[in-house]
Amino acid sequence: MPPFQPLPPRLNLPELEAQILSRWEGEKLFQRSLQQRRKGKPFVFYEGPPTANGLPGVHHILARSFKDCFLRYQEMLGRRVERRGGWDTHGLPVELEVERSLKIRAKPEIEEFGVEEFNRLCRNSVMEYIDEWERLTARIGFWLDLDHAYRTYDPSYIESVWWSLSQLYDQGWLYRGFRVAPYCPRCQTSLSSHELGQPGAYRDDVPDPGVTVRFRLVDDPLTSILAWTTTPWTLPGNLALAVGEQIAYVRVRQGEERLILARDRLSMLEGDYEVEEEFPGSRLLGLRYQRLFPYLPEQEAAWRVVSADFVSTEEGTGVVHTAGAYGEDDLRLCQEEGLEIRHTVGPDGRFLPFVSDFAGQFVKDADPAIEENLRSRGLLYRSETIHHTYPFCWRCETPLLYYALDSWFIRTTAVKERLLANNRAIHWVPSHLRDGRMGNWLETLQDWNLSRARYWGTPLPIWVCPDCQAERCIGSFAELSLPQGFDPHKPYIDEVTLTCDCGGVMRRVPEVIDCWYDSGAMPFAQWHYPFENRERFENEHPADYICEALDQTRGWFYTLLAESTMLFDEPAYRNVVVPSLVVDERGRKMSKSRGNVIDPWKLLSETGSDALRWWFYTTVKVGQEYRISARRVVDGGARFLNLLWNAQSFLVTYANLRGWEPGDAFSAPDHPLDRWILARLAQTVAEAREAMDRYDAHSACRAIQRLVEDTSTWYLRGSRVRLRPEAEHPEAAFSTLHRVLLDTCRLLAPFTPFTADAIYRELSPSGERASVHLEEYPEARPADDQLLREMEMVRRLTEEARARREAAGVPVRQPLPRATVRGAQLSSELAAVLAEEINVRDVRCVPAEGQASIELDFELTPELRQEGALRWLIRQVQNQRKTAGLRAGQPARLFLAASETLLEVAREGQEQLRRQCFITHVELGPAGAPVPSGYRHHSEARLEGELVGIGLELSDDHPPMQGEP
RNA sequence: CGGCCCGUAGCUCAGUUGGUGAGAGCGGGGCUCUUAUAAAGCUCAGGUCGUGGGUUCGAGUCCCACCGGGCCGACCA
C-alpha cells in the first residue's frame, strides 16, 4: 500500500465537494466541531434572518461566504461559535405573495376574503422555499444550525417583541401621531421606505403640472403673493403661505397689479415688470390673504403668511403653499402654527363631498379642472408642465400621494445622541460606512413609523378604551391571561378584550408592526428574553460579529442598533462586515426583467462552491461590487485551487514513488529553499491572522494566494531534483513540502472548507487528523527576514538572467560556465540556488555601485555542449512519454536513431537517461534509421538541424522503485 | 439635489501610515522550462495612475474643484 491514497489527478470541484459533503454529514462533523470547542470562550454571531418565501440567489451566497469564514476562523482559534439560524416570517412582501396567488389587487378584498384564512396562507407561504435555503446553505459549506432556527412568528418570539415595546411605551417612546407618509390610494395603505426602494418605485422625468397662483392680499386685492406648486390638488386644502425670514423678497409692478416673490426668483415672471421695493421675508409675516377656495371651515389663524426654515429659492417663487395634510413640512408647520388640519381628500384618493366643485374626482385627474377654475377667476398666474422624479406604488403603479394618517411611532429622535455614540463604537468593514452611510442616516434620523395597517405581522400590543380613551401597552401574554397555545396573530388577538378602570371594554388597535422591528429584536426575542434564558442573553449581547449585504444598512443594521440602544443602551454588535452588491459581468444590476440573473445552482455546478467563495474573497475589496460570471469565477477561483491541487498531487505522486511517509518529528531543515518556504509560511500566517483579526478576509486570502503561488512556482520548481526517486536525501524536502501544504490547508480552512479538508485528509494517511476543521489555526512564528530578502534578490536575478539567455538565444537547458553578479553579495547557499535556477556552473559576486545586476558567460566547452545535448535528449524522451500517456515510474524501452555524436552523448549519459526517464533498455540506431515496429510510440525531432528519431514502448520489467533504476 | 464608493496596461483588479525606475491575473504575439500541472516562467503591447489646480524636497497615495460610472437617499425608517 502506498503511504498516501491519491486523490484524482485532475481537480473536479463540484464532484469533490459532493463527496466531502456527504462525508461531513456521515461524521456529523459540524456537531463534532462545536462539541470540541464547547468549553471555549463564546464568539457570538447573530444571523440576520432571511425571508424564505423567495428563492435564495447568488448574493445570498456572497453574504453567507463572509459569515462563514470568520466563524470558522474564530472556531479554529478555540472559540465556541454557536450559530443559530433564523427566519424572518412577517411583513408586506409575504402578504403580497399571497395576494398575488389569490389574485387580490386591493386591500378591502382581503377583509372580504377573511383575515384568518389570509394569514394562514401567509404562514404557509413563508416557509415555501425553506428546503431550498437549507440545501444551498449546506452546499456552500456554511455551517449554520438550522435545526434550532428561530422564527419571528413564533408566539414566544412575539411575546419578547411585546415586552420590548412595552418597555418603550413606559419610557414614553411609543406614541400615536398624525403624520404624512407616502400613501397608495388604491391599496389604501402607506408604504414603507423599503417598498419605495423597490425598482420602479421612483420614476424619473414624470410630467406634472407646475402652476403659479395669485394669493390676493385681503387689505390690498391688487397685490398678490405668488406661490408655485406641482400638486394643484392640494390647493383646496391650503392653510398658509410660508416664507423665509432671511430671504430677500421684492414687490414688482406688472401693469395694474403688484406681485410679491423672492428676489432670486424674478425669472418666474412673464413679461416686463418693474421692481418697486425689496425687503426681507420677515416683513411679510402675518399678512392675510384671500383664500382660494371656500371649502374649509373658517379659523382665525389660517390664510396668513408664516415663517418657515425650509423655504428655499431653488425653485418656485420662494413662497411655499402649505396644505396641512399633504406634506411633511406642511403638517409640521401647521401644527406649530396651531392650525386645525382637515382632509380634503378621502382615503381612496378622491375629493371629499364638501369639496363641492371636485367631489368624487381622483385628485390627480382633478388637476386640470382645478387649474381651469383658478384661471376663470383670474388667480392662475402661470401654468407649465415640469418633469421630475416621482414615486409610484410598485405593485399597482398608482402615483403615490403624501397623505397624513394616524400612525404609531417610536421616538428614536429622543436617543439620537446615544445612537450616534453606540454606532461609533462599532467596527465597520468597510470603515467608511460608519460615518458615511450609517452616520449620515443617523444624523437625519426621524421617528420610526412602526405601525402598518395590514394583517400578517406582530400585532401592536396596545389596547384602547373607547369610553375614556385610556391606553394600555401589553408586555406579556400573562397580562392577557391567554390560554396555552394561543395564536397571538390577527384575527384571534383582536377578540381579546380588557376591562378598563372606567369599566369600559378595551380593544386592541387594529395595526400590526413593521416587520423590520421583528428582525431588530432577534438578539433577545430568539431566546424568549426576558421570560427565559436571561443569563444566556445577557452573556451574549452584544454580538461579536454580524454580516449582511449593503442593503441592510438602513434595514437590519439600523433596527438592531435602534432597539439595542433604546432597550439596553449599547450596540447590538461590535463588528459588522458589509459586502457590496453582486452585479452582472457588465456592471449592471441583476433583475428578472433584464434576464441577467444568475442561477446559483447552475453557477455552483459549473465552478464549485470553493471557487466561488474564493473568488468572492479575493476579487475585490469588501465594499466594491462583484461583477460576476461563471468564466470569471473559474479564472479567479478555480485556477487558484487547481494550483494548490497540483502541488498536493506532486507531493503524493513522488512520496508514493519513493515510499516516503511523514515522520513523527519535524526537524528544522538546512536547505535554503526549505528554510525559505518555511519563512514564507511563517510570514503568511502572521499576515493572515492579523488581517482576519480585523475582519479583512480579502487581505488574508491574497496573502495565502501568494504563498501558494510561491510554493508552486518557486519552491517546487527548485526542489524537484530533491524529490525525484533518485535523489539521495529527500526527507527534508518531503517533510517541508508536507508541512507547508498541511499548514496551507489550515490557513485555507475558513475560506475553502471543502478543498482544504480534502487535501488535509489525504496528507494525513495515518488518519489521526480527522479533519482540518477540527484543527487549530496555524500559530504565528517569527520569519527569517534576512533570508526572505535575499531570496527576493535571487528571484530578481534569475529573471534577469533568463531574459539575457533569451536575448542571446541560448535555452536554459544549456549549461553555461559562469554568471557574474554585480553589486550584491550572495551567501554561498543562495548562490547555489541561483546557479541551479539559471543552469550555470559557477556564480561569482563582485562589488559594484548601484543596483544589483547579473551577467552570463556564454562561452561553451565541448563538455557543456554535450551536457546540453543530453538534457535536450532527456527532454525529448519525456515529451514522448507524456504524449504516450506513460505515468511517472512506469518503465519503458527506448530506441534512438541519431548521428554518431549524439549517440555518444546518449551512451555517456545513459545512467541519467535511464533514471530520469524510467528507461529499462536502450537501443541505438544510425541517423535516419526507421523506428522498429516494437516501439509503438515514436516521433522525430531536430537538434540544430540534425534529425533524431525516438521510439518508446512500455517495458515488461518491474517498475523501478525506491531510487533503483 | 444631497451622501458615500469607484475611475491605475485591451479586460478584471492590487497598490499598508506619501519616498528609490508603477504591479498581478486574464486575453493576444514571440520564446522557454517541465512527465504534478489542458500548468508554469520569460518577453512584447512603451499605462498623461479620470481632468485641472494645490500642499510637499517628493503624491497613484493628502486637500480642493470638475468630469464619468455605481450605490443609497430625496421627507422616510
Side-chain angles (χ1 to χ4, degrees), chain A residues 9-11 179-182 190-194 196-197 202 310 312 314-315 327-329 332 389 391 402 409-410 412 430 432-433 435-441 443-450 514 516-517 550-551 553-555 558-559 562 580-581 583 585 587-589 618-621 623-625 627 631-632 635-636 639-640 642-643 645-654 698-699 702 705-706 709 712-714 716-717 720 723 798-803 805-807 809-813 839 851 871 874-875 877-890 916-918:
Chain A
R10 183 139 297 130
L11 177 60
R179 288 288 193 85
V180 171
S190 60
L191 271 75
S192 68
S193 66
H194 190 69
L196 251 61
Y202 279 98
F310 57 80
S312 80
E314 300 284 312
E315 57 182 11
E328 177 77 13
D329 287 334
R332 201 177 59 239
T389 308
Y402 289 103
F409 293 87
I410 295 177
T412 44
H432 62 79
L433 291 176
D435 298 326
R437 194 174 284 207
M438 185 54 131
N440 289 333
W441 167 247
E443 290 290 350
T444 62
L445 191 76
Q446 304 270 320
D447 282 350
W448 182 346
N449 186 352
L450 182 72
D514 180 6
W516 285 98
Y517 189 94
L550 188 60
D551 55 353
T553 312
R554 288 163 170 83
Y558 170 69
T559 61
S580 182
L581 303 166
V583 296
E585 202 166 9
R588 301 172 310 177
K589 231 174 174 174
T618 52
T619 187
V620 289
K621 285 177 295 185
Q624 287 185 251
E625 58 188 27
R627 297 189 170 200
R631 186 183 60 81
R632 289 180 182 215
D635 280 353
R639 181 175 293 276
F640 163 75
N642 195 46
L643 198 58
W645 192 259
N646 289 334
Q648 164 268 153
S649 180
F650 181 94
L651 172 67
V652 169
T653 302
Y654 282 92
H698 180 258
S699 298
R702 290 250 174 180
Q705 187 152 17
R706 284 192 296 274
E709 282 164 4
S712 175
T713 65
W714 188 253
L716 226 42
R717 267 176 70 88
R720 261 195 190 116
L723 294 164
T798 301
E799 285 179 16
E800 195 180 330
R802 288 190 183 143
R805 271 181 180 274
E806 183 170 1
V810 179
V812 179
R813 77 173 87 86
N839 198 15
Q851 204 187 352
R871 288 193 58 169
I874 292 174
R875 164 89 199 286
V877 176
Q878 300 287 39
N879 256 352
Q880 187 63 61
R881 286 187 63 105
K882 193 171 178 178
T883 46
L886 299 186
R887 291 201 181 163
Q890 271 186 299
Q916 289 195 9
C917 304
F918 308 100

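Each chain gets a letter, A, B and so on, in the order the sequences are listed, and its residues count up from 1. What you see below is based on every heavy atom in this structure, not just the backbone, and it leaves out hydrogens, waters and symmetry mates.
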Per atom distances to the A:His432 side chain, the nearest of B:C4, B:C71, B:C76 is B:C4

Touch check for A:Asp447, heavy atoms < 4.0 angstrom, all strands: base, sugar-phosphate only, or nothing? base

Mind checking A:Arg631 for me? I need base, sugar-phosphate or nothing, with any heavy atom below 4.0 Å counting as a touch. nothing

Of the candidates B:G70, B:G15, B:C13, the side chain of A:Lys621 sits closest to B:G15

Apply salt bridge (charged side-chain N to carboxylate O under 4.0 Å, His left out) to A:Arg437 and list each qualifying residue two or more places apart in sequence or on a separate chain. none

Using atom C1' of each nucleotide, how far apart are B:A45 and B:G27 to the nearest Å? 12 Å

For the C1' atoms, the ones on B:A59 and on B:U17, what distance do you get once it is rounded to whole angstrom? 14 Å

Rounded P spacing from B:C6 to B:G15 in Å: 11 Å

Taking B:G50 as the reference, what is the distance to B:U12 when you measure between their P atoms (whole Å, please)? 15 Å

Pull out every stem in RNA chain B, meaning runs of 3 or more consecutive Watson-Crick or G-U wobble pairs with both distances under 3.5 Å. B:1-7 with B:67-73, B:10-13 with B:23-26, B:28-32 with B:40-44, B:50-54 with B:62-66

Side chains of A:Glu625 and A:Val620: does their closest heavy-atom pair fall under 4.5 Å? no

Could you measure between the two C1' atoms, the one in B:A74 and the one in B:C4, and give it in whole Å? 15 Å

Once you apply a heavy-atom cut-off of 4.0 Å, does A:Thr653 come out as touching a base, just sugar-phosphate, or nothing? nothing

Touch check for A:Leu716, heavy atoms < 4.0 angstrom, all strands: base, sugar-phosphate only, or nothing? base

What's the closest nucleotide to the A:Arg627 side chain, out of B:C75, B:C13, B:A36? B:C13

Can you tell if the side chain of A:Tyr517 reaches within under 4.5 Å of the side chain of A:Thr559, non-hydrogen atoms only? no

Using the C1' atom as the reference point in each nucleotide, state the distance between B:G60 and B:G18 in Å, no decimals. 10 Å

Is there any protein nitrogen or oxygen under 3.5 Å from a nitrogen or oxygen in nucleotides 40-44 of chain B, and what are the pairs?
| residue | atom | partner | partner atom | Å |
| --- | --- | --- | --- | --- |
| B:G41 | O2' | A:Arg802 | NH1 | 3.1 |
| B:C42 | OP1 | A:Glu799 | OE2 | 3.0 |
| B:C42 | O2 | A:Glu806 | OE1 | 3.3 |

Considering every strand and a 4.0 Å limit on heavy-atom distances, what is the contact class for A:Arg179: base, sugar-phosphate, or nothing? nothing

Sugar-phosphate only, base, or nothing, as touched by A:Thr444 at under 4.0 Å among non-hydrogen atoms: base

Would you indicate which nucleotide in B:A36, B:C71, B:C76 comes nearest to any side-chain atom of A:Arg720? B:A36

Taking only the side-chain heavy atoms of A:Leu550 (C-beta and beyond), determine which of B:C76, B:C71, B:U37 contains the nearest atom. B:C71

Any base atoms under 4.0 Å from A:Gln446, or only sugar-phosphate, or nothing? Heavy atoms, all strands. base

Minimum-distance nucleotide (side-chain atoms of A:Asn646 versus B:U37, B:C13, B:C72): B:U37

Between B:A39 atom C1' and A:Trp714 atom CH2, what is the distance in whole Å? 18 Å

Heavy atoms under 4.0 Å, any strand shown: does A:Val180 hit a base, just sugar-phosphate, or nothing? sugar-phosphate

At 4.0 Å (heavy atoms only), tell me whether A:Ala562 reaches a base, stays on the sugar-phosphate, or touches nothing. nothing

When rounded to the nearest Å, what value does the distance between P atoms of B:G53 and B:C49 take? 13 Å

Once you round it to whole Å, what is the distance between C1' of B:G73 and CG of A:Leu433? 14 Å

Tell me which of A:Arg332 and A:Asp435 sits closer to the 5' end of RNA chain B, going by the nucleotide each one is nearest to. A:Asp435

